[in-house]
Amino acid sequence: MNESSFSQWKWGIYASIAIMLLMLFPQISLWLQTGGNWQGSYVVLHTDEVAYSAYVNGIINGRERRYDPYTGRENSIEAPQAESLFSIQFFPSYLIAIPARILGVSASSSFIWLTVFSSFLSTLSIFWLIKSLTGEVRLGAVGAIFVLCFGAFVATYGETRVYLGDYLGQGAGLVAIPFTRRYQPSGVFPLFFIFLSLIWYALTTERHRFAVICAVIAGLSFAILVFSYFYLWTAAAAWIFCIALLYFTFQWQHWKRNLMMLLIIGVFAVAAIVPYLELLSQRAESLDTTQALTFTHLPDLFRPCELFGVLLAIIIIFLVWRSFLNLNDHLTLFAISFALLPLIIFNQQIITGVSLQPIHYELYVANYIVLVAAVVTSYLFTQKQFKQKISNRILLYVAILSLGWGFIEVAGLVKRSAQLMKIDEESMLVLNRLKTLGNSNSSNLENDRNKPAPTVLAANIDQADLLPTVAPQAVLWSPHISVFSGLKKGEGKERFYQYMYLTGTSEKELAEAIDKNQFEVMAAIFGYERALPALANNSKPISNQEKLDEVNYFTEYKLNFSHEQAVRYNLSYVLTYAGDEPNLSNLDRWFERDVGEQVGKYKLYRIKLRP
């Protein structure tokens, strides 16, 4: 790299280091709290991450692609498994698991390293995009920091929703710096912006060979996104449609060249989407319900980042009307396409009739692309209106403000996650003990993969969620078992009620949890799409009669619990908090417990079915 090249890229590297250190703050905070007694846990930045790390742990340990980390089921000729979210969107898991396996790194540690690489590369990729569009390296560096730190703010999530929850609504929004969610989208998040940069060069460079190379790499990038994260590749497809429409309207004189570039990308897109659709056709029967697939043609017009994008588009059109900008200009067309992308992806269902958790676009795609549009629009405005660059002083202020807000977001996350961080760290000793026990019995498991895996009843649901990230055993129930696993219809609720029964939960306690809208309980009984209406458009409210019916059903379930149900999931271990064990009298009716083994603050029992 020559000196001039380094002088450009060094600003992107500085910005990337700043964001990387900011994103590592939660983990550093945990290390400081534990001193030299860290047991190996990673700080969960988003509740879904434990499901992804559970799957990665299975892949690291040589499990098959359709392995279910929560039930322990593995694909075989005798017992074929349906495709799941894990197995269809498999690329990031192997991207993480293969190096981890080679280097002997655990799933937990690999997620810490993922934060390092993803935050660094995400910043660098956005820097490259802004630098490529504007030619301004300092703007690229500050713009990347601005985009990543204000991603939650522009979508009105994170700390914004903490303080304005009474007006904006509670729920899935209490996430800070959404792009860091491991491994979706963080595993391939940089690739989305690299894809945008490659399209820019493919459509604007005068060097034909270079344009073709960029189009080919962009096509490969799109293909990888298809098998990585639904919301990134569909957003990329929507943007390609938008930019193609703009170019064929306002850059018609170059239509042959533009068509060639888009056809090259299209070849790779079709080559990826065809097998993707084949995998999707083999998905678990419960997947559509648990992922809140909604059939609707209603528009969705009032999401904050969508309104912000429309405002930016209006500003650009106003500048065009005042003759400050030209619609034949490449940068103007790209800025408009970025600003309009949220409007397109939140309203594609008007034509397709299908909507799938649009909140994920709001958190992981639309918010970031509209902030890129804001940076580019600011550049266009200052360049064309005032005939000058954005001053270094203003850029410095923006960088300080952005990093300051980013720290507020991350510090808020650490505060909200303190209890979970404590549980996860304290759990590592006993989970590693389960790992040792599982590895000692691995030869027996290899001989009979069709037999249900040894299953753990973990009284603490956070511990149940984390368990497959460390140990090879299955769990009876955890909050994520229905969302990510290919369960048969009704199996998720059956597992939940068996968990409630065996841990001695009363009808009164269940009724109180329902009355308080306790999320994990409501999701297990009524489904995520109804427990968290923000996930789906027009989700059906839960009636009081439905709540009462479920309490009555639980009463019947307890009365009719049978030997067939007790033997169904191969329960082999019970894991409780030593100082506060639940009422296990129902479990003792059907199983024999040993004296138990205390590991750290937890007690581990081996159990076997009574004769």
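Along the sequence shown, the residues carry numbers beginning at 1.
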Report yes if some heavy atom in the side chain of [X] is under 4.5 Å from a heavy atom in the side chain of [Y]; otherwise report no.
X    : Y    : answer
I145 : V398 : no
F250 : L333 : yes
V376 : F334 : no
V116 : F120 : no
V372 : L129 : yes
W405 : T160 : yes
L148 : F179 : yes
C305 : F346 : yes

Tell me the closest heavy-atom pair linking [X] and [Y], and the distance in Å.
X    : Y    : result
I224 : L191 : CG2-CD2, 3.6 Å
A100 : I60  : CB-CD1, 3.6 Å
I130 : A144 : CD1-N, 4.0 Å
A218 : I199 : CB-CD1, 3.7 Å
W38  : L30  : NE1-CD2, 4.0 Å
A155 : P304 : O-CG, 4.3 Å

If you round to the nearest 0.5 Å, how far is [atom2] of [Y] from [atom1] of [X]?
X    : Y    : atom1 : atom2 : answer
N328 : T249 : CG    : OG1   : 11.0 Å
I17  : L21  : CD1   : CG    : 7.5 Å
I315 : S378 : CD1   : OG    : 8.5 Å
L45  : T180 : CG    : OG1   : 4.5 Å
I316 : L340 : CD1   : CG    : 8.0 Å

If the plane angle is over 60° it's perpendicular, under 30° parallel, otherwise tilted; pick one for [X] and [Y].
X    : Y    : result
Y94  : F90  : perpendicular
Y55  : F86  : parallel
F230 : W233 : perpendicular
F146 : F150 : tilted

Can a donor-acceptor pair be found, under 3.5 Å and without considering hydrogens, that links the side chain of [X] to the backbone of [Y]?
X    : Y    : answer
E409 : C149 : no
S337 : I243 : no
Q39  : N37  : yes
S109 : V105 : no
T377 : A374 : no
Q349 : V354 : no
R303 : E306 : no
Y379 : T134 : yes
S391 : I394 : yes
N347 : D300 : yes

Is there a side-chain contact (heavy atoms from CB on, under 4.5 Å) between H330 and Q251? Walk through the geometry before answering. CA-CA 9 Å; H330 294 292; Q251 285 272 338; 3.8 Å; yes

Go through the side-chain N and O atoms of [X] and [Y] and say whether any donor and acceptor fall under 3.5 Å apart.
X    : Y    : value
S41  : E425 : yes
S478 : D465 : yes
Y42  : E49  : no
Q184 : Y52  : yes
Y201 : S132 : yes

Run the ring-ring contact (aromatic ring centres under 6.0 Å, His included) test on F407 and F25 for me, step by step, so that the C-alpha distance in whole Å, both residues' side-chain angles and the decisive distance to 0.1 Å come before the verdict. CA-CA 9 Å; F407 181 78; F25 176 75; 5.2 Å; yes

Do R182's NZ or CZ and the ring of F111 fall within the cation-pi criteria of under 6.0 Å and 45°?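 Not flagged: R182 not positioned over aromatic ring of F111.
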
Quick check with a 6.0 Å cut-off and a 45 degree axis cone: is R322 positioned over the face of F324's six-membered ring?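 No, R322 does not sit over the ring of F324.
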
Assess the pair [X] and [Y]: is the distance between their ring centroids shorter than 6.0 Å?
X    : Y    : value
Y247 : H254 : no
F222 : F268 : no
Y231 : Y361 : yes
F189 : Y368 : yes

Please determine whether side-chain contact (heavy atoms from CB on, under 4.5 Å) holds for the pair D48 and R181, giving the CA-CA distance in whole Å, both sets of side-chain angles, and the decisive distance to 0.1 Å. CA-CA 8 Å; D48 288 346; R181 188 182 78 155; 3.1 Å; yes

Among W9, Y14, W11, F193, which residue meets the ring-ring contact (aromatic ring centres under 6.0 Å, His included) test with F127?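 Of all the options given, the one that passes is W9.
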
Would you check, one step at a time, whether the test side-chain contact (heavy atoms from CB on, under 4.5 Å) holds for L380 with L325? CA-CA 8 Å; L380 286 170; L325 299 179; 4.0 Å; yes

Is the number of heavy atoms from other residues, nucleotides or ligands within 6.0 Å of CZ (F241) greater than 12? no

W113, CH2: over 12 other non-hydrogen atoms inside 6.0 angstrom: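 No, the 6.0 Å shell around CH2 holds no more than 12 heavy atoms from other groups.
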
Going through the checks in order, is the side-chain contact (heavy atoms from CB on, under 4.5 Å) test met by I19 and S122? CA-CA 9 Å; I19 292 295; S122 294; over 6 Å; no

Worked verdict on S427 versus Q463 for side-chain hydrogen bond (donor to acceptor under 3.5 Å, both in side chains): CA-CA 7 Å; S427 297; Q463 197 174 57; 2.9 Å; yes

Using a strict 4.0 Å threshold on nitrogen-to-oxygen distance, state whether K415 and E159 make a salt bridge. no

